[in-house]
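Written out below as structure tokens is the structure these notes cover.
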Amino acid sequence: MPVSLRYVIKRIFYLFLVVLGVITIVFIATRIIPAHPEFLWAGPHATEEQLQEARNELRLNDPIWVQYVYFIENMLTFNFGISWSSRHPISQDILSALPATLELAISGFIIGILIGLFLGIRAAVKYGSIIDKFVRSLSISGSAIPVFWLALIFQLILAIKLGILPVGYRIDPNAEILEGFQPITGFYTIDTLIEGKFDLFLDVLKRLLMPALVVSVYPLCLTARMTRSLALETLQEDYVRNMRSWGVKDNVIIRKYVIKAVIPPLIASLGLSFGYALVGSFLVEVIFAWNGLGMYVVHALANYDFPAVIISVMTVAIIYSSINTVVDILHAYLDPRIRL
Amino acid sequence: MIISSRFIREYYEYLKKDKLGLTGAIIVMIFIFLAVFAPYIVPYPADAWGYAYNIEQRLQPPSLAHPFGTDVYGRDVFSRVILGSRFSLIIALGVVSIALLIGVVLELFAGYLGGRIGTFFMRITDMFLAFPPILLALLFAVVIGRGLLNLIISLSLAWWPWYARLTYVQVTTVKNMPYIDAAKIAGINTPTIIFKYILPNSLTPVTVQAFLDMGAAILEAAALSFIGIGVQPPNPEWGLMISEGWYLIGVAWWISIFPGIMLFLVVMAFNFLGDSFREFNNPKVRRLLESRGI
Amino acid sequence: MNKKAIGKGLIVIIILVVIIVAVLGGYYYSLLNSQQSQPKKTVVVYASISEMTSADPSTEFSNSIMWLAFTYERLIYYDPIQNKLIPELAVSWERSQDNLTWTFHLRHGVTFHDGSPLNADAVIFSLNRTITLGQGAAFLWASVKSIEKVDDYTVRLHLNYPAPIDLIASAAYASYIFSPKVVQYAKASNATDPKISDWFNAGNDAGSGPYKLIKWDPKNEVIFEKYSAWWGWNATDYPLKSSSAPDIFTIKIVADAVTQENMLLAGQIQIAQQVPLEDLNNLKNNPNIQVVTKPSFQQLILLLNTKKAPLDNVLVREAIAHAIPYDDIVTVARYGYARVASGPVPYGMWGHSDQFRYSYNLTLAKSLLVQAGYPNGINRKLLLTYTTGDIYEKRSAELIQSALAQIGIQVDVRPLSWDEQWALAKSGWENPNNAQDILMFYWWPTYNSPFDFLYNMFDSQSKDFNLGYFTNETFDNLLSTAVTLEGSDREKATTLYLQAQQIIYEQVAGIPLWDMTYVIAASSSLSNLDMAINPAYPTVIFPQALSLKS
């Protein structure tokens with residue numbers, strides 16, 4: 001057995017604790033910090049009737065631990081209540097927005113990891129050269145770029161001024177009515193392929209490209225920076241130095257030793273990379289009119305629809321922790337030292 | 001790890017040779033200077049604070065009179081961008097110092113006491129770290145409300161776990177040093193040990209880290225202001241200005257672009273400084289540098 | 001080690017094969033499809049800034065008017081520009097001498113989308129449901145005592161007091177006629193069963209209009225298909241139609257003006273509800289784009305809290321009225337695409353007068369403040385609320401903030417969601433000291449009469465929208481007299497409405513800021529757009545009037 005079952009169970013149990021913890025933090029933030037939680041839940045200027053309804057819904061007349069138990073029960077059964085800006089159940093809203101966000105975040109994440117890995121290794125091999133200086137300054141300055149601002153610049157140049165890439169929307173607005181496109185999974189790249197609509201698939205890719213590039217910036221910088229220093233460390237190992245002095249080609253060394261040494265610690269950081277991609281998508285969705293969770297949250301914020309915002313944030317935190325758990329297990333699989 | 005004045009001198013020597021780090025340091029100093037003196041040096045102070053408007057001058061592209069152009073109310077974007085540095089500095093200082101205070105105080109006790117309590121505190125910290133960056137701050141901002149002060153509070157509440165973890169590691173290291181054992185044997189009471197021996201030695205690296213984190217704090221604050229829950233108009237915060245200019249990006253790009261450049265430069269400068277500090281601190285890289293005579 | 005490598009290679013190959021098969025298969029399939037495809041349907045996409053609300057024609061009182069207006073029909077269609085009533089479902093109508101009875105003769109040969117015929121029963125069923133439910137704009141029918149079926153195609157309304165039933169029957173809300181079969185479809189027990197509402201809100205329509213609802217996704221898009229059996233396509237007495245109207249009309253929710261503009265330029269939408277006005281000159285120079293402007297009845301107005309110090313002092317209110325740079329606000333907020341308002345009745349509506357404009361005069365404003373006993377300005381921040389998300393309101397509010405600062409009045413400008421803004425404002429009837437000082441909001445008419453503006457915003461009985469808590473008996477009496485004359489003596493009614501507005505003007509109960517000019521940017525491939533827009537039905541584009549150039 002590559003990873004002991006005990007380790008997996010332990011990690012999953014730990015994930016469960018973290019999820020409970022996240023829910024608890026949300027509970028503390030929304031019920032204990034505000035003096036009158038019903039105002040947060042029903043809007044600061046709701047009518048007495050609405051407030052009473054919210055008080056009943058939140059069981060504010062019960063002791064705090066009873067409220068807490070009900071809160072956890074509601075959260076675990078996806079009973080999030082109704083959004084007062086969209087008037088839909090929040091769980092339904094989130095479910096319909098989530099694939100868009102994940103599609104964007106995953107694309108940006110993959111682009112970022114691949115380019116970052118490539119650049120990081122190049123830089124390490126040519127330590128001190130122009131390439132290295134470029135990669136180093138790119139990877140440091142890149143994480144200083146405000147993504148929402150970068151999105152604006154991309155939009156301004158590529159879409160508005162040059163008109164090369166389409167702006168706004170995940171798919172041709174007439175796809176459904178003219179081509180009979182029906183979302184199945186909500187991931188449009190997959191859906192168009194399943195339905196065999198190749199033109200639409202290209203359209204979806206074109207629309208995905210610009211926001212995904214913007215989202216890829218943070219994971220790219222993080223990966224490039226980590227890869228560079230990990231690869232540098234490996235190249236400093238005595239056996240690698242010896243091999244290099246014996247005239248073993250760089251390509252061979254990279255393939256046989258550097259990549260192998262870089263991948264496991266890099267995998268440990270995938271969770272964080274993905275976190276950056278998620279947050280990045282959150283911020284750029286509004287600019288690209290990308291109907292995901294980020295746009296949902298910004299709209300809810302504009303309408304002071306706090307439950308919708310809070311639940312969305314909680315959902316993302318839980319997704320993020322789950323991914324971190326998977327990453328940890330994966331890491332353990334690849335790096336036997338941490339198998340316990 | 002103990003940071004002495006020798007260490008700082010060494011770092012200063014190193015910085016002189018590390019061009020990226022040096023650039024960072026210079027930009028950070030300029031930024032602090034601008035933040036302190038902005039109201040006295042900007043050409044149009046009333047525009048900068050947002051209480052003036054000038055219809056004839058609206059939406060002017062960059063020119064000599066208005067190097068960064070004017071916005072929809074005819075306000076000078078240059079003045080606003082410069083004054084924006086003051087808002088960012090206040091936010092960044094506020095966030096890292098409050099976060100530092102919470103994180104250090106909590107973990108100092110947890111780290112020193114160790115055992116169950118220590119583990120418990122670390123688990124709480126982990127819960128907070130389970131949120132992706134910014135989102136926890138967003139959650140608190142939603143609960144506390146909008147505005148500059150609330151923005152600082154919510155960012156700090158989301159930020160302290162990082163310092164808590166760092167302090168924990170530091171305290172655990174320092175705690176096991178022989179002189180602490182010696183102090184215990186000598187019968188010195190716990191608070192004295194904490195405040196006299198552990199605190200000073202654990203604090204320095206965390207504080208340096210906090211200073212370098214100011215760039216990240218500025219960036220997150222700008223992101224929150226951008227989505228409308230941070231600093232409120234008519235104040236000239238960079239993220240807010242970018243969002244205000246977005247509506248007119250096709251007509252008047254300068255309203256969004258210049259605050260973005262400023263934001264980018266300042267955050268980048270902090271990152272350069274932070275990175276150079278990390279490289280300096282990394283023994284393997286140092287060895288490499290020394291071997292190459294850098 | 002070896003085994004592992006083989007395993008890895010296998011996985012890579014499998015993934016590659018799957019991708020290649022999917023791509024090739026997809027490509028082949030799309031080739032197959034394109035060979036079979038029939039002539040494409042014509043589509044017009046209209047981008048809306050706001051999401052759609054409910055779908056019940058009886059109770060809806062919000063954004064869904066954008067499509068209810070052409071999925072359902074009224075008895076009468078109103079053209080406010082020519083001030084003409086155009087027969088729609090009713091071909092003719094008359095009122096009795098005492099103005100208490102109105103008789104409508106219905107059009108023959110009209111069918112609802114389900115195929116059932118329009119007749120007196122349907123009209124009575126629809127109006128009764130709307131009136132009984134009593135939600136939304138149902139109050140318009142308050143004067144109706146009973147509705148009588150004279151014969152299959154004649155309906156008679158008996159009133160308690162005279163009311164302009166012709167205008168009410170042409171209103172943008174609560175005026176729609178639908179098939180009585182909804183009871184059956186919804187498996188409801190009677191007309192007011194909530195099941196019918198649920199049935200509507202599940203995305204069903206029961207109208208007779210030129211387009212029928214085929215997709216209901218109110219947050220993202222709502223799609224309509226041409227109803228080929230619509231009576232109007234061939235009717236000679238009905239002008240609102242076109243022979244090349246689009247087969248499909250889509251309302252797409254695109255929440256910001258910048259994206260709307262970009263999508264329009266890219267040809268992905270044909271009509272944009274909002275584009276950044278500052279960019280209009282560029283758009284006008286673009287041969288692929290047309291820009292249509294039309295005066296509207298939508299007015300941005302400030303209601304002042306007349307029951308809370310310091311605005312309970314008419315001199316302070318007057319000072320504020322003279323300290324607002326109206327022309328600058330129109331320039332900044334609407335880039336000139338609005339008209340400085342004169343009185344709460346907008347330009348173009350009957351009963352409007354150009355007499356009620358306040359001058360921008362800071363000296364006068366300051367001296368009024370001195371007279372009022374505030375020589376050093378007001379010592380507390382006044383709270384101004386506006387509806388969040390509306391950039392025109394935002395800019396107007398921020399400009400007022402800096403303008404009032406110049407006479408020593410500090411303003412706290414606070415964006416709130418409409419629900420919140422409204423709830424806070426309504427609470428002012430109980431305790432005006434807890435409410436805002438200044439409320440900024442839009443008013444547009446439910447039906448086309450000055451009464452609608454004056455009553456809702458200023459009558460002491462109107463607790464829902466009189467959000468400055470203005471009470472004035474003379475004003476109330478003038479209104480109640482005028483409204484009963486509307487149906488009989490329009491001229492006398494107009495005089496009374498002008499007198500009522502004079503009171504508002506002198507008392508500064510509200511400060512009207514500007515009357516909006518609607519600006520619609522559209523693709524040049526559409527013609528007749530001008531006709532498809534009607535200020536009496538705000539935000540509606542009537543697709544049946546659009547012509548598509550091939």
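Naming convention: chains lettered A, B, ... in sequence-line order (proteins, then strands); numbering from 1 in each chain.
- Within the 4.5 angstrom heavy-atom criterion, no atom of Ser154(B) approaches chain A.
- For Ile227(B), the parts lying under 4.5 angstrom from a heavy atom of chain A are both the backbone and the side chain.
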| request: Evaluate the side chain to side chain contact (heavy atoms under 4.5 Å, CB included) criterion for residues Ile25(A) and Leu136(B): first the C-alpha distance (whole Å), next the side-chain angles of each, then the deciding distance (0.1 Å), finally the verdict. | output: CA-CA 9 Å; Ile25(A) 289 175; Leu136(B) 189 59; 4.1 Å; yes
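- At a 4.5 Å heavy-atom cutoff, the contact between Val309(A) and chain B is made by side-chain atoms alone.
- When heavy atoms are compared at a cutoff of 4.5 Å, Val298(A) approaches chain B solely by way of its side chain, counted from C-beta outward.
- For the set Val147(A), Ile145(A), Ile160(A), the count of heavy-atom pairs under 4.5 angstrom toward chain B peaks at Ile145(A).
- For chain A, the nearby parts of Ile242(B) are the backbone and the side chain; heavy atoms of each come within less than 4.5 Å.
- A donor-acceptor pair under 3.5 Å is absent between the side-chain atoms of Asn271(B) and the main chain of Ser141(A), judged by distance alone.
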| Intermediate values then yes/no, side chain to side chain contact (heavy atoms under 4.5 Å, CB included), Val143(B) and Phe306(A) | CA-CA 8 Å; Val143(B) 177; Phe306(A) 296 139; over 6 Å; no
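- With a threshold of 4.5 angstrom between heavy atoms, Lys161(A) approaches chain B through side-chain atoms but not through N, CA, C or O.
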Donor-acceptor list for residues 122-134 of chain B side chains, cut-off 3.5 Å, not counting sequence neighbours:
| residue | atom | partner | partner atom | Å |
| --- | --- | --- | --- | --- |
| Arg123(B) | NH1 | Asp126(B) | OD2 | 3.0 |
| Thr125(B) | OG1 | Phe121(B) | O | 2.7 |
| Asp126(B) | OD1 | Arg165(B) | NH2 | 3.0 |
| Asp126(B) | OD2 | Tyr14(A) | OH | 2.8 |

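- Looking at Leu138(B), the atoms closer than 4.5 Å to chain A (heavy atoms on both sides) all sit in the side chain, from C-beta outward.
- At a 4.5 Å heavy-atom cutoff, the contact between Phe226(B) and chain A is made by side-chain atoms alone.
- Proximity to chain B involves both the backbone and the side chain of Ser143(A), based on heavy atoms less than 4.5 angstrom apart.
- Looking at Leu301(A), the atoms closer than 4.5 Å to chain B (heavy atoms on both sides) sit in the backbone and in the side chain alike.
- Looking only at distances, no side-chain donor or acceptor of Trp246(B) sits under 3.5 Å from a matching main-chain atom of Ile287(A).
- The 12-atom threshold is not exceeded at OH of Tyr276(A), counting heavy atoms of other residues, nucleotides or ligands nearer than 6.0 Å.
- Neither the backbone nor the side chain of Ile218(B) comes within less than 4.5 Å of any heavy atom in chain A.
- Scanning for side-chain hydrogen bond (donor to acceptor under 3.5 Å, both in side chains) contacts around Gln155(A) gives an empty result, with sequence neighbours left out.
- Between Arg136(A) and Asp18(B) there is a salt bridge, with a side-chain nitrogen of the basic residue lying less than 4.0 Å from a carboxylate oxygen of the acidic one.
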